[in-house]
Peer 1: 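Have a look at the structure that comes next, please.
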Number of protein chains: 2
Amino acid sequence: MLSNSTKYAIKGVLYLALNSDEDHKVLVRDIFEVVHVPEAYLAKLLQELSRQGVISSTRGAKGGFYLSEQDRKRSLMDIVKVIDGERRVNSCVMGIHNCDMDNPCVLHKLVGANKSKFIKVLENTTILDLVEGRQDIEEFFPL
Amino acid sequence: MLSNSTKYAIKGVLYLALNSDEDHKVLVRDIFEVVHVPEAYLAKLLQELSRQGVISSTRGAKGGFYLSEQDRKRSLMDIVKVIDGERRVNSCVMGIHNCDMDNPCVLHKLVGANKSKFIKVLENTTILDLVEGRQDIEEFFPL
DNA sequence: CATAAAAAGGATAAAAATATCTTTTAATCT
DNA sequence: AGATTAAAAGATATTTTTATCCTTTTTATG
């Protein structure tokens, strides 16, 4: 359902949520070991998230990646959409053509309810929610 | 969550459930177009299912794939396990090491309940259930 | 303004998943 | 027995995903 890339991206963003802000930018070099994602690959993922406005970054000396206050209000789904694309998430669990939430196949009836909830969770949970103790982020590390 | 291969396999088995029995074996050649899976690839998947005893087959003239009465009592999870392997299904949604249903990470708390239900559905739904109108299989074709 | 720091971008490589092709083995039917 | 049919098995090819490397551009600062 979620690609490894998306999982990596979420881990990276959670790290930023815990360790960065406008004044404390973070280098990929400092994240990748903690979250167990290859440095260059994590860089690529964060770059893409930044390009799409889901996270923030500045180049050059004293630069790095960080989360603005706005960024923290992003949902997990925002990350998923950037990395996996909307299609992957919304498409039929069974890969059946012409089948989606509105026009479900048998397997959807069986499984779709769960999937819908899963998607809603992703949509309704922000980075902030996760960090602000609504979920106990501590347990999340080491990732 | 489910690989394409597993989805293909489920489609193939459902076709067998609807169109085969001990006396009416079915050739891959007759299935693949209906379920929209490449012939040789579907053959591979069905062979594996047969080898693992989830479906039945005989070689040679009058041979083919079919579902015995026993086979029909198999759960969807049995198919998933053969094709994707147990690990893939049971492993952490987030790919976090040392995290599973018993020892869940944050994302598990968030998402795990849905996943558990999803798994239970797969475990508790047999081929027979799907075919015997407990689920309306007709809608399932064309796959 | 020079230099160093850091993300961005492009091109390539490796691995995994998906798919195909060819040969072998087993069953059935003259 | 021999011919034919069809799955099983093995080898190979393609595509997608994941990952790395190297160069370029941007920015801050001494």
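The model shown is predicted, which means the values in this text are computed figures rather than measured ones.
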Peer 1: Rounded to the nearest 0.5 Å, how far apart are CG of B:Leu49 and CD1 of B:Ile79?
Peer 2: 6.0 Å

Peer 1: Taking the nucleotide of DNA chain D with the closest heavy atom to each, which residue, B:Thr58 or A:Thr58, is nearer the 5' end?
Peer 2: B:Thr58

Peer 1: Between B:Lys11 (NZ) and C:dT18 (P), how many Å, whole number?
Peer 2: 13 Å

Peer 1: Across the strands shown, which category fits A:Leu46 at heavy-atom distances under 4.0 angstrom: base, sugar-phosphate, nothing?
Peer 2: nothing

Peer 1: Pick base, sugar-phosphate or nothing for B:Val37, based on heavy-atom distances below 4.0 Å to the nucleic acid.
Peer 2: nothing

Peer 1: Rounded to the nearest Å, what distance is computed from the CG atom of residue A:Leu42 to the P atom of nucleotide C:dA6?
Peer 2: 16 Å

Peer 1: Name the residue from B:Ser50, B:Ser20, B:Ser56 that meets the side chain to side chain donor-acceptor pair (under 3.5 Å) definition with B:Asp71.
Peer 2: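 Single pass found, and it is B:Ser56.
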
Peer 1: Can you find a donor-acceptor pair, distance only, under 3.5 Å between A:Gln47 side chain and C:dA8 base?
Peer 2: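 Pair found.
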
Peer 1: In whole Å, what is the span from the CG atom of A:Asn4 to the C1' atom of D:dT16?
Peer 2: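 Value for this atom pair: 13 Å.
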
Peer 1: Ignoring the backbone of B:Tyr41, work out which of C:dA19, D:dT18, C:dA7 is nearest its side chain.
Peer 2: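 Closest nucleotide to the B:Tyr41 side chain: C:dA19.
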
Peer 1: For A:Lys44 and for A:Gly60, locate the closest nucleotide of DNA chain C by heavy-atom distance; then report the residue assigned to the nucleotide nearer the 5' terminus.
Peer 2: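 First, find each residue's nearest nucleotide; the 5'-ward one identifies A:Gly60.
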
Peer 1: Strictly below 4.0 Å: does B:Ser5 bring a side-chain N or O up to OP1 or OP2 of C:dT18?
Peer 2: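 B:Ser5 to C:dT18 OP1/OP2: side-chain N or O found under 4.0 Å.
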
Peer 1: Let me know the distance between NZ of A:Lys25 and P of D:dT26, rounded to the nearest Å.
Peer 2: 17 Å

Peer 1: Between D:dA28, D:dA9, D:dT25, which one does the side chain of A:Arg59 approach most closely?
Peer 2: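 That would be D:dT25.
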
Peer 1: If the cut-off is 4.0 Å, is A:Ser3 near the phosphate of D:dT17, judged by side-chain N/O to OP1 or OP2?
Peer 2: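 So the side-chain polar atoms of A:Ser3 never come under 4.0 Å of the phosphate oxygens OP1 or OP2 of D:dT17.
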
Peer 1: Quick one: A:Leu45 CG to C:dG9 P, roughly how many Å, whole number?
Peer 2: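 Spelled out: CG on A:Leu45 to P on C:dG9 is 14 Å.
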
Peer 1: Within the pair A:Arg29 and C:dA6, is there a side-chain N or O less than 4.0 Å away from OP1 or OP2?
Peer 2: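 For A:Arg29, the contact criterion (side-chain N or O under 4.0 Å from OP1 or OP2 of C:dA6) is met.
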
Peer 1: So, is A:Ser57 near the phosphate of C:dA8, with a side-chain N or O under 4.0 Å from OP1 or OP2?
Peer 2: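 A:Ser57 to C:dA8 OP1/OP2: side-chain N or O found under 4.0 Å.
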
Peer 1: Quick one: is B:Ser50 getting a side-chain N or O under 4.0 Å of the D:dA8 phosphate, OP1 or OP2?
Peer 2: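 Indeed, a polar side-chain atom of B:Ser50 lies that close.
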
Peer 1: Does the side chain of A:Ser5 pick up a donor-acceptor pair with the side chain of A:Tyr41 at under 3.5 Å?
Peer 2: yes

Peer 1: Using atom OH of B:Tyr8 as one end and atom C1' of C:dA17 as the other, report the distance to the nearest whole Å.
Peer 2: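 Value for this atom pair: 10 Å.
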
Peer 1: Within the distance-only criterion (no hydrogens, no angle test), does the side chain of B:Arg72 pair as donor or acceptor with the backbone N or O of B:Ala17 below 3.5 angstrom?
Peer 2: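 Between the backbone of B:Ala17 and the side chain of B:Arg72 there is a qualifying donor-acceptor contact (under 3.5 Å).
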
Peer 1: To the nearest Å, give me how far apart NZ (A:Lys7) and C1' (D:dA19) are.
Peer 2: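 Answer to the nearest Å: 17 Å.
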
Peer 1: Mind calculating the distance between CD (A:Glu39) and P (C:dA6) to the nearest angstrom?
Peer 2: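 Rounding to the nearest Å, CD of A:Glu39 and P of C:dA6 are 12 Å apart.
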
Peer 1: Whether the side chain of A:Asp84 engages the backbone of A:Val80 through a donor-acceptor N/O pair (distance < 3.5 Å, no angle test) should be reported.
Peer 2: no

